[in-house]
Amino acid sequence: MNPDQLAIHTFTNKPWSIHECIENYARRGIGGISVWRETVAGEDLKLVRKRLDDSGLRKVSLVRGGFFTGKDAATREAGIATNREALREAEVLGLPMIVLVCGATIGQTPEENLDQIREGIAALLPQAESSGIRLAIEPLHPMYAGDRSAVASMKDANDLAESLNHPLVGVALDVFHVWWETGLEAQIQRCAAAGRLFAFHVCEFKPDFDHVLLDRGLPGEGVNASARIAKMVKAAGFNGLTEVEIFSRKYWAENQHQFLDKIIASCADL
Ligand code: ZN
């Protein structure tokens with residue numbers, strides 16, 4: 001696909017400021033941007049909003065909310081408060097969606113975690129409704145199920161979204177996290193048929209990774225699942241931008257303009 005069909009997550013180019021991301025993505029003809037809260041920490045959000053509006057980039061999502069689980073009510077309340085702040089940030093920045101990494105607490109069962117996640121998302125819905133911001137549940141690879149997300153497959157994400165049954169609650173599918181899932185195509189179709197396939201992220205899983213979070217691959221590297229899953233997503237009717245979200249100490253050490261060239265080249269075959 002062409003660059004104008006891509007959106008890039010600012011954390012993909014971690015060495016760049018938000019202003020460098022906006023300028024360089026727009027200059028290269030990238031279609032959109034997903035903004036990480038880390039990238040705009042300490043920034044004047046109204047100024048960032050203006051730069052985003054002026055850039056012509058499509059504003060896709062704020063990344064990320066979530067982390068709803070906790071052993072006591074005070075911890076869970078604090079998690080909800082953080083998400084309320086994220087909703088306010090998304091509103092100021094004009095971003096129509098927040099990606100949720102839902103959380104998991106060591107010592108709790110998957111079911112306990114999922115119940116707390118459901119309650120946390122439900123608590124946010126009135127505020128999400130008043131700002132019209134969509135909440136996209138992103139299932140994470142099960143290697144993160146201990147402390148990052150009890151939502152560990154597209155099936156889990158679909159079940160959770162279905163149980164909440166709200167037009168603002170959907171799913172963000174990331175190839176890195178669900179490439180391994182059997183029956184994935186049926187889960188993608190289930191998600192899209194219900195109007196819940198909100199986002200599609202590309203990034204490859206490298207079985208020989210040297211860091212559990214920060215050694216991810218470009219489309220075509222590692223297990224090379226991006227093209228396969230992009231076809232499924234397209235066949236299911238998804239017509240949003242394809243988001244590139246790659247955390248990589250290896251690529252962050254390179255010249256970021258050259259990394260952007262590699263991203264564009266690697267996505268050309270999707
Ligand atoms: Zn993602």
Side-chain angles (χ1 to χ4, degrees), residues 5-14 21 25 30-39 58-67 83 86 90 95-104 117 121 134-145 147-158 160-161 169-181 184 187-188 191-192 196-206 209 211-223 225-230 232-233 238 240-248 251-252 263 266-267 270:
Q5 294 167 289
L6 302 175
I8 300 188
H9 282 233
T10 56
F11 213 66
T12 297
N13 297 105
K14 187 166 176 268
C21 287
Y25 298 164
I30 301 293
I33 184 168
S34 282
V35 177
W36 274 63
R37 297 187 74 200
E38 285 84 344
T39 317
R58 202 195 304 177
K59 298 187 284 284
V60 180
S61 59
L62 181 70
V63 196
R64 59 189 193 235
F67 294 98
N83 282 279
L95 294 160
M97 176 164 64
I98 296 185
V99 176
L100 301 178
V101 170
C102 290
I117 291 164
I121 295 173
R134 303 203 288 178
L135 304 174
I137 297 162
E138 179 167 15
L140 296 200
H141 191 285
M143 69 182 170
Y144 303 119
D147 62 354
R148 300 183 82 80
S149 182
V151 183
S153 64
M154 275 299 283
K155 181 186 179 299
D156 287 347
N158 277 332
L160 178 60
V169 177
V171 176
L173 184 168
D174 188 320
V175 169
F176 177 91
H177 296 296
V178 300
W179 68 273
W180 57 271
E181 190 173 349
L184 182 62
Q187 292 297 333
I188 289 171
C191 190
R196 296 193 180 107
L197 188 53
F198 285 1
F200 176 51
H201 301 173
V202 292
C203 174
E204 299 283 6
F205 181 91
K206 294 161 59 179
F209 61 77
H211 190 281
V212 73
L213 285 172
L214 306 178
D215 186 20
R216 301 186 179 183
L218 286 160
E221 294 188 305
V223 297
S226 292
R228 170 174 68 90
I229 296 173
M232 294 180 190
V233 165
F238 179 80
L241 296 175
T242 294
E243 301 179 53
V244 179
E245 183 193 28
I246 299 169
F247 317 149
S248 167
Y251 289 122
W252 291 337
I263 289 170
S266 72
C267 290
L270 296 182

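Start at 1 and go down the list; that is how both ligands and their atoms are numbered. These values consider heavy atoms only, across backbone and side chains, with no hydrogens, waters or symmetry-generated copies.
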Decide, counting backbone as well as side-chain atoms, whether Cys203 has an N, O or S atom less than 2.8 Å from the Zn ion (ligand 1).
no

To the closest 0.5 Å, what do you measure between NE2 (His177) and CD (Glu245)?
6.0 Å

Between CD1 of Ile33 and CG of Leu241, what distance do you get to the nearest 0.5 Å?
11.5 Å

Given Asn13, which of Tyr251, Tyr25, Trp252 fulfils the side-chain hydrogen bond (donor to acceptor under 3.5 Å, both in side chains) condition?
Tyr25

Could you report the tightest heavy-atom contact between Ile246 and Thr12, atom names first, then the distance?
N-OG1, 3.0 Å

When you measure from the side chain of Arg148 to the backbone of Ala145, do you find a donor-acceptor pair of N or O atoms at a distance under 3.5 Å?
no

Which N, O or S atom of Asp174 lies nearest to the Zn ion (ligand 1), by name
OD2

Which is the closest N/O/S atom of Glu138 when seen from the Zn ion (ligand 1)?
OE2

Residue His201 atom name (nearest to the Zn ion (ligand 1); N/O/S)
ND1

Considering just N/O/S atoms, say which atom of Glu245 is closest to the Zn ion (ligand 1).
OE1

